[in-house]
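Data first, discussion second: the structure below is written as structure tokens.
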Protein chains: 2
Amino acid sequence: MRMAQLSERSGTPVPTIKYYLREGLLPRGERTGRTQARYGEHHLRRLRLVRALTDVGGLSIAAVREVLDKVDSPEPTTHQLLGRTLRDLTPTASGDVDVQAEEVDTERVRALVERRNWRVPAEARPFADLAEVIAAFRRAGHPVDDTALDDYAAAVESVARVDLDSLEEITETDEILESAVVRTVLGDTLLAVMRRLAQFDESARRSPATDDDC
Amino acid sequence: MRMAQLSERSGTPVPTIKYYLREGLLPRGERTGRTQARYGEHHLRRLRLVRALTDVGGLSIAAVREVLDKVDSPEPTTHQLLGRTLRDLTPTASGDVDVQAEEVDTERVRALVERRNWRVPAEARPFADLAEVIAAFRRAGHPVDDTALDDYAAAVESVARVDLDSLEEITETDEILESAVVRTVLGDTLLAVMRRLAQFDESARRSPATDDDC
DNA sequence: CCATAATGGATAGCTCAACTATCCAAAAGA
DNA sequence: TCTTTTGGATAGTTGAGCTATCCATTATGG
């Protein structure tokens with residue numbers, strides 16, 4: 001297909017597609033002439049993937065390029081590569097928060113990891129990220145206590161089991177990484193939205209009053 | 001204290017504080033002269049709150065202003081106000097995603113809510129949000145099945161119970177709304193980061209190989 | 001008490017990300 | 001043939017989130 005069709009079928013304006021081509025988010029089409037090119041279903045899929053990661057997942061163009069580079073990497077999908085890819089998907093909008101966690105926060109994360117028997121090294125990216133988030137709670141004047149942390153940890157453990165189960169169902173090995181990225185990034189948004197629904201329900205359950213509030 | 005001290009104690013540049021004052025994220029200080037004003041601990045707390053919500057929570061300035069307006073609203077903290085405040089904290093980075101969910105996605109959300117016995121009306125904001133996220137999975141070529149949805153729902157139910165428990169511990173009624181906002185917004189980031197750790201652990205648990213990968 | 005420095009507020013400017021518009025030569029279609 | 005469309009290159013636009021400048025006033029040190 002040509003770019004116009006790619007645009008129509010994906011709902012993305014042609015100039016935006018050209019921009020993605022320039023930025024390396026989308027591979028070039030197959031050249032059929034000096035000023036002509038063809039695009040296939042693969043391009044359409046990739047384009048829809050990019051839109052999902054940016055629009056719903058909230059990733060920046062630069063972040064999308066980074067993870068797609070890994071997804072396209074030719075090396076086999078080993079546990080290491082999977083781990084490295086997931087690790088770099090920091091959910092903080094900017095990603096490069098220069099807020100440094102204090103010693104006390106890092107220590108709490110270390111203790112949590114030990115309590116949960118998590119096999120993650122203290123050098124792992126999300127390890128430091130978690131310390132920073134816990135520090136942010138404290139600085140905002142609303143610290144989280146260890147009980148809540150443990151409860152949250154138990155919840156994400158079951159989430160992670162579902163995540164890994166979903167990946168094991170995938171037979172095409174070259175789709176595993178892409179699926180892991182999509183399910184992790186969009187899954188963050190899904191869990192956040194679902195949490196609002198559950199909060200809403202739990203709040204209604206605890207409130208004795210009539211609640212016909214939309 | 002004066003603005004210079006407010007800046008130093010919060011780690012925020014003076015021009016940024018002035019910007020927040022203009023944007024209504026921070027109340028004006030108490031005027032002590034035609035070109036002088038005093039700021040108190042309340043301003044410092046509020047400033048740190050703003051930084052946490054933007055830097056770590058990923059909220060836009062406009063979104064922060066909206067939720068702070070509700071936090072500052074003089075009406076008592078009823079269940080309705082709490083629900084309305086939490087409802088409007090859409091986690092999607094932009095918030096105003098114009099991607100429309102299809103009928104099939106909305107129907108799946110309706111069925112999920114029924115299976116879980118959630119007391120949320122179909123007109124609630126997160127209801128439509130969830131349909132949109134599920135649609136995004138499908139369009140990206142990696143649909144979620146109902147089994148995963150149910151498992152995620154069970155996980156967020158326990159998260160929501162922890163959330164509401166934390167709120168019940170708060171005695172100062174005028175702090176409940178602020179705490180709900182902070183715990184919800186920063187909690188999204190915390191859960192996402194913790195999920196990475198749990199994925200990392202679960203992956204290591206399932207992989208027979210040696211994994212000294214950072 | 002006077003000179004100097006700092007302050008709060010208003011206004012305008014800057015920077016970056018994410019597009020969007022224009023142009024052009026070549027190719028496609030009528 | 002001749003009009004339209006295409007892909008690619010280049011430059012321009014928009015909005016968010018700061019940042020810099022200016023000025024009258026106020027604090028402050030000698």
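Side chains are part of it too, since the values below use all heavy atoms of this structure and drop only hydrogens, waters and symmetry mates.
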With the side chain of [X] defined as its heavy atoms from C-beta on, choose the nearest nucleotide among [options].
| X | options | answer |
| --- | --- | --- |
| S60(A) | dG8(D), dG8(C), dA18(C) | dA18(C) |
| Y20(A) | dA27(D), dC19(C), dG7(D) | dC19(C) |
| I61(A) | dA18(C), dT7(C), dG8(D) | dA18(C) |

DNA chain C: P15(A) or T35(A), which has the more 5' nearest nucleotide? P15(A)
Would you call [X]-[Y] a salt bridge at under 4.0 Å N-O?
| X | Y | result |
| --- | --- | --- |
| E41(B) | R9(B) | yes |
| R196(B) | D129(A) | no |
| D55(A) | R139(B) | no |
| R195(A) | D188(B) | yes |

Rounded distance in Å - [atom1] ([X]) to [atom2] ([N]):
| X | N | atom1 | atom2 | value |
| --- | --- | --- | --- | --- |
| R31(A) | dA28(C) | CZ | P | 12 Å |
| R2(B) | dT25(D) | CZ | P | 18 Å |
| M3(A) | dA27(C) | CE | P | 16 Å |
| M1(B) | dG8(C) | CE | P | 11 Å |
| L59(A) | dA17(C) | CG | P | 15 Å |
| L21(A) | dA9(D) | CG | P | 10 Å |
| R34(A) | dA27(C) | CZ | P | 6 Å |
| I17(B) | dA10(C) | CD1 | P | 16 Å |

Return whichever of G29(A) or K18(B) has its heavy-atom-nearest nucleotide of DNA chain D closer to the 5' end. G29(A)
Classify R22(B) by what it touches in the nucleic acid, base, sugar-phosphate, or nothing, heavy-atom distance under 4.0 Å. base
Base, sugar-phosphate, or nothing: which does R28(A) touch, judged by heavy atoms less than 4.0 Å apart? sugar-phosphate
Rounded distance [0.5 Å steps], OG1 in T106(B) versus CD in E132(B): 8.5 Å
Side-chain N or O of [X] versus OP1/OP2 of [N]: is the shortest distance under 4.0 Å?
| X | N | value |
| --- | --- | --- |
| Y19(A) | dG8(D) | no |
| T32(A) | dA27(C) | no |
| R38(A) | dT6(D) | no |

